[in-house]
Chemist: 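Dumping the structure here so I can ask a few things about it.
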2 protein chains.
Amino acid sequence: MTTRRVNLNTESVDNYLKAIFALGGPEEERVSSTALAERLGVAPASITNMLQKLAASPKSLVEYESRRGVRLSPAGRLRALEVLRHHRLLETFLYEVLDYPIEEVHDEAERLEHFISERFEERIDAKLGRPKFDPHGHCIPALDGKMPAQHSKSLADIKEDGKFIVDSVADGDAALLKRLKAHGIIPGARLLVSSSSHEEFILRAGRAAQAFCLPRSLACAVRLRSSD
Amino acid sequence: MTTRRVNLNTESVDNYLKAIFALGGPEEERVSSTALAERLGVAPASITNMLQKLAASPKSLVEYESRRGVRLSPAGRLRALEVLRHHRLLETFLYEVLDYPIEEVHDEAERLEHFISERFEERIDAKLGRPKFDPHGHCIPALDGKMPAQHSKSLADIKEDGKFIVDSVADGDAALLKRLKAHGIIPGARLLVSSSSHEEFILRAGRAAQAFCLPRSLACAVRLRSSD
DNA sequence: GAAGCAATTTAGGCTTACCTAAATAAATTA
DNA sequence: TAATTTATTTAGGTAAGCCTAAATTGCTTC
């Protein structure tokens, strides 16, 4: 029989919690092993194993029932938000203070988020003037885990042409991010959206910028809010 | 039989290389397993094990002969210096940009040095104006591993009373560092050294500062150069 | 209601970097 | 030189966090 205890303060556990948080969505629905396996790039069996250990641990971070998926417990949610806070503060810091190009902040933050101290977190937060948003337009959770409600909608859900403000852009795909930036599609920009076909959107930021064709499959990388 | 290959890009290997570099001294003498074990806080058998793997690896980072100690190869030395560069740049950055108290920079840098990218290194180096010394007065190795020769001497080797300039202070012992700072004993300070007994030194920085009694056992934490 | 299928879990392995205990080698002392 | 002490290495083991292959479970669908 396998051991029943885990050390909960590992990079690995943090990544599981982050993934459950992200996949659970705002409704915090149960997340399946398969979805987690895909997200974390790990075999489904490894997921089961880790979830069993996490659930069996005294400090319960997740609620897990065999074959019925996982959810974060309040403690797990708080931890996930702490890591997210680290991540987004780091991204902001790399962008604002160290002049990283936006498409490179994610990977660096992804590595460092696990290793910075509370003091480091506090100091960059102070240095940046307690920012509320990272350079992608994502909001930075407060120390107690609070985040203001989201009022943006995914470009993927836009049904008719119109004018919007870019709320945020996804940080995972560096190449896409670079192209979006090159066309002026950055948080806060005015954006003219027209749907050329079932395949793609045509986007134009400001009037100087060239039009940009974005396949619908990537449309979820851009979130919008109405332009007043 | 144990495996003959190691992944050389691990935090652990970096720490071994750093320790060998530090213990070898400027003459780069062979370092014993016991000394390494003590420095790294690990059982002697674990040292033997790791050294055998390191030595057997194709990319030879160390020269190791059974029961005769280890030395760094040129490649190992370069790697150790890269890590040392990371460490000292980070310390400088935490101190100058993030306003850390000097006694806290070491531990944070010790953790982060393994995870920052070349880009991060370059950016903090640029931000700091390509510094040559860290806040403890230690010189920062160049990208190619070069370091200017040291012209300081340990307080422990001082035989007669006199006036000196504080060259550097050791970074490992936070409590001591804090006390030294409180008495004005920081790199660049003028220092009056008198030897009260076989047990301790009496140190006075500037004339405002209070005298500070430092046990001889800790004297190696302070390095001096002559005051012109 | 049985067959087929996809998702999930169990079982058993591997690697890394540690550990302890026992064996061996080298150095010191009598 | 023989005996003792100390340093080092060998041998065998552990915990994490991953893996693959082989069950198993819980649906669908006929």
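Here is the naming used below: chain letters follow the sequence lines, and residue numbers restart at 1 for every chain. The shown structure was predicted, so the numbers you read here are calculated from the model rather than taken from an experiment.
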Chemist: Does a side-chain heavy-atom distance below 4.5 Å link B/D167 with B/P187?
Modeler: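 Answer no - side chains too far apart.
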
Chemist: Among D/dT10, C/dA17, D/dC18, which is the nearest nucleotide to the side chain of B/Q52?
Modeler: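 Per side-chain heavy atoms of B/Q52, the pick is D/dT10.
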
Chemist: Is any NZ, NE, NH1 or NH2 atom of the basic residue among B/E108 and A/R119 found under 4.0 Å from an Asp or Glu carboxylate oxygen of the other?
Modeler: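 Salt bridge: no.
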
Chemist: Just say parallel, tilted or perpendicular for the rings of B/F93 and A/F93, cut-offs at 30° and 60°.
Modeler: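 Answer is perpendicular, since the angle exceeds 60°.
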
Chemist: Is there a side-chain polar atom (N or O) of B/S32 under 4.0 Å from OP1 or OP2 of D/dA7?
Modeler: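 No.
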
Chemist: Does a side-chain N or O from A/Y16 land closer than 4.0 Å to OP1 or OP2 of D/dA16, or not?
Modeler: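 No, no such contact exists.
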
Chemist: Send over the distance from A/R30 CZ to D/dG26 C1', rounded to a whole Å.
Modeler: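 Checked: the CZ to C1' distance equals 16 Å.
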
Chemist: What's B/S46 touching, base or sugar-phosphate or nothing? Going by heavy atoms closer than 4.0 Å.
Modeler: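 Contact class for B/S46: base.
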
Chemist: List in numerical order all residues of residues 36-45 of chain B for which some heavy atom is under 4.0 Å away from an atom belonging to DNA chain D.
Modeler: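 Of all residues in residues 36-45 of chain B, the ones placing a heavy atom under 4.0 Å from DNA chain D are B/P44, B/A45.
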
Chemist: How many Å lie between CG on A/L51 and C1' on D/dA16, as a whole number?
Modeler: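 My rounded result for the distance is 15 Å.
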
Chemist: Between P on D/dT25 and CD on A/E65, what's the gap in Å once rounded to a whole number?
Modeler: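 Result: 16 Å.
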
Chemist: Send over the distance from A/N49 CG to C/dG12 C1', rounded to a whole Å.
Modeler: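 Taking atom C1' of C/dG12 as the reference, CG of A/N49 is at 12 Å.
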
Chemist: With a 4.0 Å cut-off on heavy atoms, is B/T48 in touch with a base, just the backbone sugar-phosphate, or nothing at all?
Modeler: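 Since a base atom lies under 4.0 Å of B/T48, the category is base.
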
Chemist: Strictly below 4.0 Å: does B/S66 bring a side-chain N or O up to OP1 or OP2 of D/dT9?
Modeler: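 Checking D/dT9 against B/S66, a side-chain N or O does come within under 4.0 Å of OP1 or OP2.
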
Chemist: More than 12 heavy atoms of other residues, nucleotides or ligands under 6.0 Å from NZ of A/K59: is that the case?
Modeler: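 Incorrect, the count does not exceed 12.
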
Chemist: Would you say a side-chain N or O of B/S12 is under 4.0 Å from OP1 or OP2 of C/dC18?
Modeler: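 Checking B/S12 against C/dC18: at least one side-chain N or O falls below 4.0 Å of OP1 or OP2.
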
Chemist: Which residues satisfy the salt bridge (charged side-chain N to carboxylate O under 4.0 Å, His left out) test with B/K18, sequence neighbours excluded?
Modeler: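 Listed in chain order: B/E110, B/E113.
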
Chemist: I need the CD1-P distance between B/I47 and C/dT20, as an integer number of Å.
Modeler: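 B/I47 atom CD1 is separated from C/dT20 atom P by 13 Å.
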
Chemist: Round to a whole Å and report the spacing from CE of A/M50 to P of D/dC18.
Modeler: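 Distance, rounded to whole Å: 5 Å.
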
Chemist: Rounded to whole angstrom units, what separation is found between the CZ atom of A/R67 and the C1' atom of C/dT9?
Modeler: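 So the CZ-C1' distance, A/R67 to C/dT9, works out to 5 Å.
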
Chemist: Show me the donor-acceptor pairs, under 3.5 Å and distance only, between side chains in residues 145-153 of chain A and residues at least two apart or in other chains.
Modeler:
from	atom 1	to	atom 2	distance (Å)
A/S152	OG	A/R223	NE	2.9
A/S152	OG	A/R223	NH2	3.4

Chemist: Is there a side-chain polar atom (N or O) of A/T10 under 4.0 Å from OP1 or OP2 of D/dA16?
Modeler: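 For A/T10, the contact criterion (side-chain N or O under 4.0 Å from OP1 or OP2 of D/dA16) is not met.
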
Chemist: What is the distance, rounded to the nearest whole Å, between atom CG of A/N7 and atom P of D/dC18?
Modeler: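 Answer to the nearest Å: 13 Å.
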
Chemist: For the residue pair B/E91 / B/H87, report whether a side-chain donor-acceptor contact shorter than 3.5 Å exists.
Modeler: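 Indeed, the side chains of B/H87 and B/E91 share at least one donor-acceptor pair under 3.5 Å.
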
